[in-house]
Structure formats: C-alpha cells, structure tokens
Amino acid sequence: MNRSITNNYSLKLSPEEQGKFNYLYVKGLYELLERLSTDFPDVLFESCSGGGGRFDAGMLYYTPQIWTSDNTDAIERLTIQHGTSFGYPLSTQGAHVSAVPNHQTGRVTPLDTRAVVAYSGVFGYELDLTKLSIDEKEMIKEQTAFVKQHYDLLTNGTYYRLISPEAQAGYVIWQLVSEKRDESLLFIVKNKAQANTPFKMVRLKGLLEDNEYQVETYEKIITGRALMTQGLPIVETYRDYDATVLYIQKNHVLKARGFRFK
C-alpha cells in the first residue's frame with residue numbers, strides 16, 4: 001500500500017495472465033476498500049499520494065481525503081497544492097503544519113506562514129507540541145480558532161488562483177469566495193524577497209461588482225468592481241516567507257490585523 005509495486009507478478013497467475021497483475025491488484029484494492037467503508041461507515045479513511053502514489057478519482061471514491069505529499073515544506077507546498085488544485089478541490093488535499101527546520105528541505109518558515117499554506121487543505125498539525133514555546137502554543141490556538149470560524153468558506157469556497165508560483169512574482173496569492181459572494185479570504189505568501197521591488201497590485205475575483213466590501217486592515221469601503229479591476233496594493237515586507245490572510249466581507253468594518261495596506 002505504501003510503496004511502488006516492483007516484481008509485478010503472482011504465483012497464482014499463469015504465464016499468459018501475468019500482464020493482468022496490476023489491473024487485478026487495483027480491482028482487489030477497491031474490493032477491500034468497499035468492504036471497509038461499508039462495514040465502518042463512520043470511519044474516515046485517508047489514502048496517500050506521497051507513499052501510495054495515488055491521488056485520483058478512483059481512490060477518492062473510498063477515501064475522501066488524500067495526503068497530498070510527504071513534502072511538508074510550506075514554500076514547496078505552494079507549488080504542490082497549486083498544481084493539485086487543477087484536478088481536485090482543496091477539501092480533498094491533506095495539508096499540515098509541520099516542524100522546522102523542515103525534514104526534507106531544511107528550510108525554516110514562520111509558524112504563521114506554515115498555517116496560511118495549510119489552511120487551503122484538510123488542515124492539521126504534525127509536530128511535537130512539547131518542543132513549542134508558550135507563544136507558539138498560543139498561536140496554534142488562534143490558528144485552530146480561525147479554521148473553525150471560517151470552516152465553511154475554507155472547505156466549500158470557490159478557489160481562485162491570482163498569482164501562481166510559476167509567475168516568479170515574489171508572491172503567491174490565491175482567494176476563496178463564498179457561494180453568496182458576500183465574504184472572501186485572500187491568502188498572500190511571500191516566497192522570495194527582492195530589493196527595490198516595483199509597486200504591486202493584486203486584482204481579486206468572484207465578488208459582486210455593485211456590492212461594497214470591507215477589506216481587513218483597509219480603512220475604506222471598496223466596491224467589488226474596484227477590487228476586481230483596480231485591485232489592492234501589496235505592501236513590501238522585505239523578508240522571505242512572510243504570509244497573511246485577509247478577510248473580506250460585504251460592507252462590514254473589521255479590526256485591523258496582519259499585513260497593512262495603504
């Protein structure tokens with residue numbers, strides 16, 4: 001289950017039938033998963049792309065969430081989760097906050113940044129809580145509260161890719177919009193610091209043009225049309241791996257936190 005199949009043959013098959021091995025293996029796997037999910041309907045089974053090598057519709061029928069990759073580095077995950085989103089909704093992608101330095105890349109990213117990336121997936125933690133500081137434990141309380149508060153939007157929101165990792169723009173930005181288009185979350189991750197960067201704007205998507213919105217940390221009420229055509233200015237932070245999430249709500253004033261927009 002958790003490794004690539006080598007020596008693809010079976011003593012139970014004749015020489016003429018050995019070519020059916022892979023097909024029969026998958027057929028048997030589906031049969032086993034069918035029995036398990038039928039006998040234990042309240043158990044959530046997760047399959048694995050990292051070890052099992054399968055993130056596909058066939059496995060999703062039996063396992064509604066799949067571990068997206070054993071690579072849990074937040075910056076690497078920007079590309080991994082972005083690419084997976086072209087075929088599968090965020091609610092199927094296992095995404096966790098892991099320890100630093102990352103076990104695969106050695107990279108050290110802020111706890112907030114690791115959470116911002118993991119929000120866009122089946123959120124969780126995989127680290128040793130006993131090694132965290134008191135401040136970090138408080139941050140985890142805030143992060144889990146954020147996920148509970150915005151659970152429906154994070155799970156069912158319409159996903160928009162605004163600035164992709166391949167754009168090499170210094171930022172990766174994506175957005176989730178509610179079904180009624182009355183609220184949205186804007187995710188910003190700085191994946192590369194650059195000197196003397198030009199003034200940058202990000203145009204939002206999926207909002208109602210004639211409705212007015214309040215953007216967290218932004219003082220003015222802005223129309224959906226302005227947010228989608230003119231966009232919002234991004235304030236440079238001069239550090240690699242900074243990240244934030246901005247909450248956007250239809251004509252509702254919010255307390256400022258996170259990145260500030262002029």
Side-chain angles (χ1 to χ4, degrees), residues 1-98 102-105 114 116-126 147 150-161 164-166 172 174-179 185 187 206:
M1 271 297 293
N2 208 35
R3 55 159 290 195
S4 301
I5 298 175
T6 55
N7 301 326
N8 299 18
Y9 69 91
S10 172
L11 295 175
K12 295 184 177 295
L13 297 176
S14 67
E16 294 76 21
E17 295 177 311
Q18 292 298 327
K20 298 179 181 179
F21 176 87
N22 288 338
Y23 165 73
L24 293 174
Y25 166 77
V26 172
K27 189 176 178 181
L29 173 60
Y30 287 165
E31 181 184 340
L32 173 62
L33 291 172
E34 180 72 37
R35 296 205 312 268
L36 288 172
S37 57
T38 300
D39 292 346
F40 304 98
D42 296 327
V43 175
L44 173 64
F45 293 100
E46 180 188 67
S47 58
C48 183
S49 174
R54 290 192 58 184
F55 200 130
D56 56 69
M59 292 303 289
L60 276 176
Y61 181 82
Y62 300 104
T63 61
Q65 67 184 50
I66 298 178
W67 180 233
T68 315
S69 173
D70 285 339
N71 186 346
T72 58
D73 176 74
I75 304 306
E76 293 279 292
R77 272 299 186 114
L78 292 171
T79 299
I80 293 168
Q81 293 173 200
H82 172 83
T84 307
S85 73
F86 282 93
Y88 304 95
L90 304 185
S91 59
T92 67
Q93 301 183 37
H96 293 171
V97 177
S98 63
N102 181 264
H103 70 286
Q104 287 191 317
T105 65
R114 284 173 273 158
V116 167
V117 176
Y119 287 151
S120 296
V122 184
F123 184 80
Y125 294 88
E126 51 175 283
V147 172
H150 299 289
Y151 181 80
D152 185 66
L153 184 53
L154 291 168
T155 305
N156 302 310
T158 301
Y159 176 66
Y160 293 95
R161 309 170 193 89
S164 74
E166 290 77 13
V172 179
W174 64 98
Q175 181 187 1
L176 288 171
V177 180
S178 66
E179 182 179 0
L185 289 170
F187 301 82

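Because the structure is predicted, anything quoted here is derived from the model rather than measured.
- In this structure, Thr92 contributes its side chain and Pro89 its backbone to a donor-acceptor pair below 3.5 Å.
- Using a 4.5 Å cut-off on side-chain heavy atoms (C-beta onward), Thr105 and Glu76 make contact.
- With a 6.0 Å radius and a threshold of 12 heavy atoms from other residues, nucleotides or ligands, Tyr30 has its OH atom above the threshold.
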side-chain hydrogen bond (donor to acceptor under 3.5 Å, both in side chains) between Glu17 and Ser14, worked out
CA-CA 5 Å; Glu17 295 177 311; Ser14 67; 3.2 Å; yes
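- Within a 6.0 Å radius of CD in Glu179, other residues, nucleotides and ligands contribute 12 heavy atoms or fewer.
- A donor atom on one side chain and an acceptor atom on the other are found under 3.5 Å apart for Gln65 and Glu46.
- Distance alone, capped at 3.5 Å, places no donor-acceptor pair between the Arg77 side chain and the Arg114 backbone.
- Rounding to the nearest 0.5 Å gives a distance of 14.5 Å between OH of Tyr61 and CG of Asp56.
- Ring-centre distance between Tyr88 and Phe55: below the 6.0 Å cut-off.
- Taking the six-membered ring for Trp and thresholds of 30 and 60 degrees, His96 and Trp67 have ring planes inclined between 30 and 60 degrees apart.
- Within a 6.0 Å sphere centred on CZ of Phe86, other residues, nucleotides and ligands contribute more than 12 heavy atoms.
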Verdict with reasoning, Thr72 to Asn102, per side-chain hydrogen bond (donor to acceptor under 3.5 Å, both in side chains)
CA-CA 7 Å; Thr72 58; Asn102 181 264; 3.1 Å; yes
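- The closest side-chain heavy-atom distance from Thr158 to Leu176 is not below 4.5 Å.
- Distance CG/Leu154 to CZ/Phe123: 9.5 Å, rounded to 0.5 Å.
- Atom CZ in Phe45 sits 4.5 Å away from atom CG in Leu36 (nearest 0.5 Å).
- Here the side chains of Gln81 and Leu90 are not in contact, with every heavy-atom distance at 4.5 Å or above.
- A salt bridge does not link Lys27 with Glu31: none of the charged nitrogens is closer than 4.0 Å to a carboxylate oxygen.
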